[in-house]
Amino acid sequence: MDLDTFFVSCERLTNSELNGIPLIIGGGDRGVVASCSYEARKYGVRSAMPIAMALKLCPDAKVMKGDMELYSRLSHDVTEILQEKAPVLEKASVDEFYLDITGMDRFHGSYKWTDELAQKVIKETGLPISFSLSVNKTVSKIATGEGKPVGNLEIPEHKVQGFLNPLSIQKIPMVGTVTFQLLSRIGVRKIQTLAEMPAEVLQQMIGKNGLDIWKKANGIDHTPVEPYSERKSISTEHTFSQDTIDIAKLKRVLLGMVEKLAFQLRSEQWLTSTVTVKIRYANFDTETKQCRVAYTSADHILTKNVMELFEKVYQRRMRLRLIGVRFSGLVRGMYQIDLFEDTQEMLSLYEAMDKMKNRYGFDAVMRCAGASFKPNNKDEILKRTK
């Protein structure tokens, strides 16, 4: 099951004036398209395309930075609906789900049951959703993409190869631009041609992934649907509009990142044990540094560790294009007072600030030094990792 143009659909829920117009979710001249409406896709706009290029293709498109908090909340709402009904649910991303409904046809009829579940999602959330039924993950995923928008397909086992054969090899998960260009040079552009190749030849050409791609082209995928598990890390990244070497500015942004993520940890009752800082230089060289910490969700402890890691990782004194912070090794729990460092006043301050943020929004109250960090869809990436 796949939520159609998820970010766009979320924005249209809150603003009906966005219906029917070319809409791009992204932002900034150096940003990329995170999502786009079907009206924009008619002009050739695609996800991951630079915003500047997208606007050349579709000058009349409306560009929005996006609201990750809204998207996360609505994704959670859909997840709860699916979890309540599905025997086994795997959340593959913020807008994509795998369900194992083996045996359901004996009682309800698999297609009827899934269609009723999709209608329940649409009715209760207002979000459009597509689905496809088939024998495994690969075929279901490809078929869901082929059926959009809001298309529902069923590909039984005896029709799998006939369905796959005429499609482009780009439809196969794992076939990216480089692999497509490599195979195209030898005339392999359709799945049927790929499926009929000797698996050994493909493995020699592509490497260890060759056999997996050959299996997918033949409709073979034994990957199980993994039961949904909550995230094990949370992170955010910021891409600067202009590469910078301003240390004070970099530290202000890092402080804002920590405050944002620490608030989310406390809101969702997580504690982190591992802190990672990531930097990307103007020449795209990327470096990271991490450290272990006692389980915490307190800004002042996490800020100290982030700043120390930043000093260690940023050694070349070249301009930076991007910085990021990640908290991982998450466990459920509430912040416990540190008898050697914390005070009751400190904990009361966090409690008061969190209440204001929850009621009036994250920007309602912030530390002055970190207030320059304004997260948006381009700047912030909240990741869910198993």
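Remark: the backbone N or O of Phe327 is not paired with any side-chain donor or acceptor of Gln290 at under 3.5 angstrom. Of the possible donor and acceptor atoms, one in the side chain of Ser134 sits under 3.5 Å from a partner among the backbone N and O of Ile155. Remark: the backbone N or O of Asp212 is not paired with any side-chain donor or acceptor of Asn209 at under 3.5 angstrom. Within the 3.5 Å criterion, the main-chain N or O of Asn165 finds no donor-acceptor partner in the side chain of Lys190. Proximity of a side-chain donor or acceptor of Thr288 to a complementary backbone N or O of Val277 within less than 3.5 Å is not detected. When atom types are taken as modelled, the side chain of Ser75 and the backbone of Val94 share a donor-acceptor pair closer than 3.5 angstrom. Although no hydrogens or angles enter the test, the distance criterion places a donor-acceptor pair under 3.5 Å between the side chain of Asp221 and the main chain of Thr223. The closest donor-acceptor contact from the side chain of Ser140 to the backbone of Tyr98 lies at 3.5 Å or more, if one exists at all. Proximity of a side-chain donor or acceptor of Arg321 to a complementary backbone N or O of Asn283 within less than 3.5 Å is not detected. Under the 3.5 Å distance criterion, the side-chain polar atoms of Asn136 are matched with a main-chain donor or acceptor of Gly219.
We find the NE2-OG1 distance between His76 and Thr125 to be 13.0 Å, quoted to the nearest 0.5 Å. Here the straight-line distance linking atom CG of Leu320 with atom CZ of Phe240 works out to 7.0 Å at 0.5 Å rounding. Remark: Thr79 OG1 to Asp95 CG distance equals 10.0 Å, nearest 0.5 Å. From Leu322, atom CG reaches atom OG1 of Thr286 across 7.5 Å, with rounding to the nearest 0.5 Å. Taken from CE in Met257 to CZ in Arg326, the straight-line distance is 14.0 Å, to the nearest 0.5 Å. Atom NZ of residue Lys215 and atom CG of residue Leu211 lie 4.5 Å apart, to the nearest 0.5 angstrom.
In the hydrophobic cluster analysis, where Ile, Leu, Val, Met, Phe, Trp and Tyr join through side-chain heavy atoms closer than 4.5 angstrom, Met1 is grouped together with Leu89. Both Leu255 and Val293 belong to a single network of hydrophobic side chains, linked directly or stepwise wherever heavy atoms of I, L, V, M, F, W or Y lie under 4.5 Å apart. Linking Ile, Leu, Val, Met, Phe, Trp and Tyr whenever their side-chain heavy atoms come within less than 4.5 Å leaves Val88 and Tyr111 in two separate clusters. At a threshold of 4.5 Å between side-chain heavy atoms, the hydrophobic network of Ile, Leu, Val, Met, Phe, Trp and Tyr places Val135 and Phe97 in two separate groups. In terms of hydrophobic clustering, with Ile, Leu, Val, Met, Phe, Trp and Tyr side chains grouped at heavy-atom distances under 4.5 Å, Ile101 and Val160 are assigned to different clusters.
For the pair Glu311 and Lys251, the salt-bridge criterion is met [side-chain N within less than 4.0 Å of a carboxylate O]. Ionic pairing of Glu116 and Lys85 is not present here: no N-O contact between side-chain nitrogen and carboxylate oxygen is shorter than 4.0 angstrom.
No cation-pi contact links Arg266 to Phe263, judged by a cut-off of 6.0 Å to the six-membered ring centre and 45° from its axis. A cation-pi arrangement, defined by a distance under 6.0 Å to the six-membered ring centre and an angle within 45 degrees of its axis, is present between Arg317 and Tyr314.
Shortest non-hydrogen contact noted between Trp214 and Ala199 is CD2-CB, 3.7 Å. Across all non-hydrogen atoms, the minimal contact from Ser130 to Lys148 is OG-CG, 3.7 Å. Residues Leu271 and Ser297 come closest through the heavy atom pair CD2-OG, 3.8 Å. Lys289 approaches Lys312 most closely through the heavy-atom pair CE-CB, 4.2 Å. Counting all heavy atoms, side chain and backbone alike, Gln161 lies closest to Ala217 at NE2-O, 3.0 Å. Between Phe180 and Ser168, the shortest heavy-atom distance links the atoms CE1-OG, 4.1 Å.
A 6.0 Å sphere centred on CD of Gln315 holds more than 12 heavy atoms belonging to other residues, nucleotides or ligands. In Tyr43, the OH atom is not crowded: 12 or fewer heavy atoms of neighbouring residues, nucleotides or ligands sit closer than 6.0 Å. Taking a 6.0 Å sphere around CE of Met318, one finds it holds more than 12 heavy atoms contributed by other residues, nucleotides or ligands. Applying the 6.0 Å contact sphere to CD of Gln83 captures more than 12 heavy atoms from other residues, nucleotides or ligands.
Across Thr296, Val306, Leu261, a single residue satisfies side chain to side chain contact (heavy atoms under 4.5 Å, CB included) together with Val275, and that is Val306.
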Candidate pair Thr102 and Asp100, rule side-chain hydrogen bond (donor to acceptor under 3.5 Å, both in side chains), full reasoning:
CA-CA 6 Å; Thr102 302; Asp100 186 346; 2.5 Å; yes
Working for side chain to side chain contact (heavy atoms under 4.5 Å, CB included), residues Val8 and Arg12:
CA-CA 6 Å; Val8 170; Arg12 286 176 169 174; 3.7 Å; yes
Dump the intermediate steps for side chain to side chain contact (heavy atoms under 4.5 Å, CB included) on Glu17 and Lys62, then the final yes or no.
CA-CA 11 Å; Glu17 294 182 359; Lys62 179 177 179 60; over 6 Å; no
Worked verdict on Leu13 versus Leu74 for side chain to side chain contact (heavy atoms under 4.5 Å, CB included)
CA-CA 10 Å; Leu13 270 183; Leu74 290 173; 4.1 Å; yes
Chi angles and distances behind the side chain to side chain contact (heavy atoms under 4.5 Å, CB included) call for Cys10, Leu127
CA-CA 7 Å; Cys10 291; Leu127 296 168; 4.2 Å; yes
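A 4.5 Å side-chain heavy-atom check between Met64 and Leu18 finds at least one atom pair inside the cut-off. With a 4.5 Å cut-off on side-chain heavy atoms, Thr276 and Leu309 do not count as touching. Contact of the Thr5 side chain with the Arg41 side chain is registered, since non-hydrogen atoms from C-beta on lie closer than 4.5 Å. In this structure, the side chains of Glu268 and Gln264 come closer than 4.5 Å at one or more pairs of heavy atoms. No side-chain heavy atom of Lys216 sits under 4.5 Å from any side-chain heavy atom of Ile142. Within the 4.5 Å cutoff, no side-chain heavy atoms of Arg46 are placed close to those of Val33. In this structure the side chain of Thr114 never reaches within 4.5 angstrom of the side chain of Leu99, judged on heavy atoms. Residues Ile279 and Phe310 are in side-chain contact: their nearest non-hydrogen atoms beyond the backbone lie under 4.5 Å apart.
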